[in-house]
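Structure first, commentary second.
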Amino acid sequence: MPEGPSLYILKEQSARFIGQEIVHAGGNVRALDPQRLVGQRILKLHTWGKHFLIEMPDLVVRIHFLLFGTYRIDEDRDKVPRLSVKVADGGEMNFYACSVKEIDRATFEAYDFSADVMSETWDPKSARKKLRAEPGMLACDALLDQDIFSGVGNIIKNEVLFRIRVHPLSTVGALPAPKLRALVDEARQYSFDFLEWKKQWVLKQHWLAHAKTICPRCDIPFSKAKLGKTQRRSFYCERCQKRYE
DNA sequence: TGGAATGTTGGAAC
DNA sequence: CGTTCCAACATTCC
């Protein structure tokens with residue numbers, strides 16, 4: 001479920017709930033009493049990277065799907081929802097195995113949507129500035145930094161680095177300006193490619209690097225390792241992805 | 001079938 | 001007090 005493009009799909013699918021009044025709420029969420037949502041109107045639905053935000057007059061709820069979270073719109077599944085919301089016109093949204101929290105108004109106001117690679121207000125210049133401010137950061141860590149590339153996950157990380165031919169252990173500060181620019185631009189571009197493929201149920205077959213064993217460009221075996229401070233899986237080609245350091 | 005994975009947090013350890 | 005490390009969470013797939 002995770003990664004920004006999937007949240008973008010949820011945002012599209014749930015758009016008709018905006019303006020609706022919540023008439024019933026439930027679920028096994030512990031951090032929040034679902035009853036507090038009853039009677040609230042959904043003012044807006046936002047995504048920021050992997051966060052889904054339900055904005056209501058008296059509270060804002062943040063849903064994060066972590067690794068295994070799922071959701072259903074206008075139907076349920078064979079699990080107890082973490083949070084279930086039913087609105088006046090009969091529609092419902094159900095969220096499973098996710099983190100559900102109320103966030104305070106100040107936290108909500110502080111969201112910087114221009115850091116979201118899927119956002120129409122995405123600010124590539126700001127992303128480059130943040131990268132230049134941390135020259136020692138590894139490329140594989142940079143892409144997963146949600147304050148720089150909100151919404152990018154491990155799949156997008158591997159695909160972006162392969163596309164731009166940059167080794168995951170490259171140092172951000174060592175990247176030539178055009179490469180730095182390509183890193184930022186491709187983070188967004190690949191996210192939208194991901195979105196289209198995901199909608200068509202053909203995402204996996206378009207992977208060139210993630211979970212692959214052979215480099216499709218030069219046919220040698222990929223390297224696979226848990227790299228960087230995040231220790232997430234990296235799949236990369238030692239021959240065609242250059243290591244800048 | 002056990003292990004690993006599209007992720008993050010919170011608390012322990014240093 | 002700052003940072004780093006690791007367990008915990010929870011589901012699906014191979």
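Note on naming: letters A, B, ... go to the chains in the order of the sequence lines (proteins, then strands), and numbering restarts at 1 for each one.
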Give me the distance, rounded to whole Å, that separates dC6(C) from dA4(B) when you measure between the P atoms they each carry. 16 Å

Atom-to-atom span, CD1 of Ile9(A) to C1' of dT6(B) - whole angstrom: 13 Å

Candidates dA10(C), dT8(B), dT6(B) - which lies nearest the side chain of Phe68(A): dA10(C)

As a test of understanding, state which of Arg163(A), Lys157(A), His206(A) forms a side chain to side chain contact (heavy atoms under 4.5 Å, CB included) with Tyr190(A). Arg163(A)

Which base, if any, makes a Watson-Crick or G-U wobble pair with dA10(C), both distances under 3.5 Å? none

Whole angstroms only, please: what is the CG-C1' distance between Asn28(A) and dA10(C)? 11 Å

Both distances under 3.5 Å, Watson-Crick or G-U wobble: report the partner of dT6(B), or none. none

Whole angstrom is fine here: how far is it from CG in Leu66(A) over to C1' in dT8(B)? 6 Å

Interatomic distance, Phe65(A) atom CZ to Lys50(A) atom NZ [nearest 0.5 angstrom]: 13.0 Å

Partner of Phe222(A) under ring-ring contact (aromatic ring centres under 6.0 Å, His included), picked from Phe235(A), Tyr236(A), Phe162(A), is Phe162(A)

NA contact type, Lys50(A), heavy-atom cut-off 4.0 Å: base, sugar-phosphate, or nothing? sugar-phosphate

Greater than 12 external heavy atoms within 6.0 Å of Lys129(A)'s NZ: no

Between Arg36(A) and Glu102(A), does any side-chain N to carboxylate O distance fall below 4.0 Å? yes

His64(A) side chain: which of dT8(B), dT6(B), dT11(C) is closest? dT8(B)

Touch class at under 4.0 angstrom, heavy-atom based, for Arg77(A) against every strand present: sugar-phosphate

How close or far is atom C1' of dG10(B) from atom NZ of Lys101(A), stated in whole angstroms? 9 Å

Looking for any heavy atom pair under 4.0 Å, which part of the strands does Lys226(A) touch: base, sugar-phosphate only, or nothing? sugar-phosphate

Would you say Arg62(A) reaches dT9(B)'s phosphate, i.e. side-chain N/O to OP1/OP2 under 4.0 Å? yes

Which value, in whole Å, describes the distance between the P atoms of nucleotides dA8(C) and dG3(B)? 16 Å

Separation of Phe235(A) atom CZ from dA4(B) atom P, in whole Å? 13 Å

If you check every side-chain atom of Lys79(A), which of dT12(C), dC14(C), dA10(C) has the closest atom? dT12(C)

Can you identify which nucleotide, out of dT6(B), dT12(C), dT8(B), has its nearest atom closest to the Asn154(A) side chain? dT6(B)

With respect to the phosphate group of dT6(B), does any side-chain polar atom (N or O) of Arg233(A) fall under 4.0 Å of OP1 or OP2? yes

Scan Arg41(A), Arg62(A), Arg105(A) and name whichever one has a salt bridge (charged side-chain N to carboxylate O under 4.0 Å, His left out) with Glu55(A). Arg105(A)

Rounded distance in Å - NZ (Lys229(A)) to P (dT8(B)): 12 Å

Rounded to whole Å, the CD1-P distance (Ile155(A) to dT6(B)) equals 7 Å

What integer distance in Å separates Leu67(A):CG from dT12(C):P? 13 Å

Counting only Watson-Crick or G-U wobble pairs whose two distances fall under 3.5 Å, which nucleotide matches dT1(B)? none

